[in-house]
Amino acid sequence: MTDWVQRWQDGKIGWHRDVVNSRLVEFIDCLKLQAGDSVFVPLCGKSQDMVYLLEQGFKVVGVEISQLAIEQFFEENQLRYSLKEVNSFSVYQAKNITLYCGDYFALKASDLKPISGAYDRASLIALPIDLRENYARHLYSIIPSGCRVLLLTLNYPQSQMSGPPYALSESEVVSLFSKGFECQQLQCFNDIKNEPKFQRADVDFIEKATYCLQKEK
Ligand SMILES: C[S@@+](CC[C@H](N)C(=O)[O-])C[C@H]1O[C@@H](n2cnc3c(N)ncnc32)[C@H](O)[C@@H]1O
């Protein structure tokens with residue numbers, strides 16, 4: 001059992017928010033989606049951002065290692081689902097949304113087809129440094145050419161607090177996605193005033209950054 005599965009079982013899901021992420025709402029246009037397009041949400045948890053994407057008329061394909069997270073998502077949002085086993089995944093399906101229960105790194109491009117955009121909030125930054133490059137490489141290998149990714153990250157003095165979430169600077173993001181992606185930072189601001197956990201740890205700042213990536217065509 002992974003640490004993450006245990007966290008879900010223990011209800012230690014401090015990252016989860018009951019409201020839609022304001023940066024998704026502000027920057028969703030960068031994905032240049034059309035009604036009916038599918039959005040990939042890696043390491044999706046039971047994020048309400050998926051409900052927002054559905055409400056905007058998009059389809060959602062997510063992957064999440066915790067079965068509990070996925071079942072809570074469908075139950076809390078009163079969505080009836082069907083379940084089937086495909087390769088190493090349990091695949092939960094409801095109208096316009098498919099959630100793969102299993103390991104992101106085992107997901108194939110053929111599982112996602114066709115997606116037009118991707119949305120990463122608290123996914124890349126959930127992973128320890130040694131998995132980041134694999135995450136970026138794997139993302140490249142499973143999304144189609146030209147696909148845009150809305151990526152939300154955090155940066156703070158890592159020496160002042162341990163992750164997850166792990167700090168990720170702009171230069172680290174640029175370097176991670178330097179092969180095969182165009183990378184543009186859309187916004188970055190210090191939000192320490194709204195982060196009591198980081199204040200309690202005496203962290204000097206916490207920058208919230210938003211990027212639009214595009215896989216090369
Ligand atoms: C910090 S949470 C973020 C969840 C979601 N993106 C959100 O914004 O609420 C990270 C999630 O990734 C899931 N996870 C971690 N490693 C994974 C993996 N290798 N494959 C699929 N899911 C994974 C965890 O169970 C957890 O729900």
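Each ligand, and each atom within it, is numbered from 1 in the order the structure gives.
- Under the side chain to side chain donor-acceptor pair (under 3.5 Å) criterion, Glu170 pairs with no residue at all, not counting sequence neighbours.
- Ligand 1 has at least one atom lying under 4.0 Å from a heavy atom of Cys44.
- Under a 4.0 angstrom heavy-atom cut-off, Gly102 registers as being in contact with ligand 1.
- Set against the non-hydrogen atoms of Ser123, the atoms of ligand 1 under 4.0 Å away are 6 (N).
- In this structure, Lys179 forms no cation-pi arrangement with Tyr140, as its terminal cationic atom is not both closer than 6.0 Å to the ring centre and no more than 45° off the ring axis.
- A side-chain donor-acceptor contact under 3.5 Å links Glu71 and Tyr92.
- Of all protein heavy atoms, the one closest to atom 20 (N) of ligand 1 is Tyr104 N, 2.9 Å.
- Annotation: Tyr119 is not in aromatic contact with Phe40 [ring centroid separation under 6.0 Å not met].
- Ring geometry for Tyr156 versus Phe198: interplanar angle over 60°, hence perpendicular rather than tilted (30 to 60°).
- Between the side chain of Asp111 and the backbone N or O of Lys108 there is at least one donor-acceptor pair closer than 3.5 Å.
- The protein non-hydrogen atom at the shortest distance from atom 1 (C) of ligand 1 is Ala122 O, 3.3 Å.
- Residue Asp103 has at least one N or O atom closer than 3.5 Å to an N or O atom of ligand 1.
- Below 3.5 Å of separation, one finds an N or O of Ile65 facing an N or O of ligand 1.
- Not a single donor-acceptor pair under 3.5 Å links the side chain of Lys59 to the backbone N or O of Val39.
- Considering backbone and side-chain atoms alike, Ser66 places every N or O at 3.5 Å or more from each N or O of ligand 1.
- Considering backbone and side-chain N/O atoms, Leu43 comes within less than 3.5 Å of an N/O atom of ligand 1.
- Distances from atom 27 (O) of ligand 1 to the heavy atoms of Gln48, Gln67, Glu64 show the closest one on Glu64.
- Remark: the Glu172 side chain and the Ser169 side chain contain an N/O donor-acceptor pair separated by less than 3.5 Å.
- Trp4 CD1, 3.7 Å is the protein heavy atom nearest to atom 16 (N) of ligand 1.
- Taking all heavy atoms of Trp15, Tyr119, Trp8 into account, the minimum distance to atom 2 (S) of ligand 1 is reached by Trp15.
- Among protein heavy atoms, the minimum distance from atom 6 (N) of ligand 1 is reached at Arg121 O, 2.7 Å.
- Residues Asp18 and Gln48 have side chains that never bring a donor and an acceptor to within less than 3.5 angstrom of each other.
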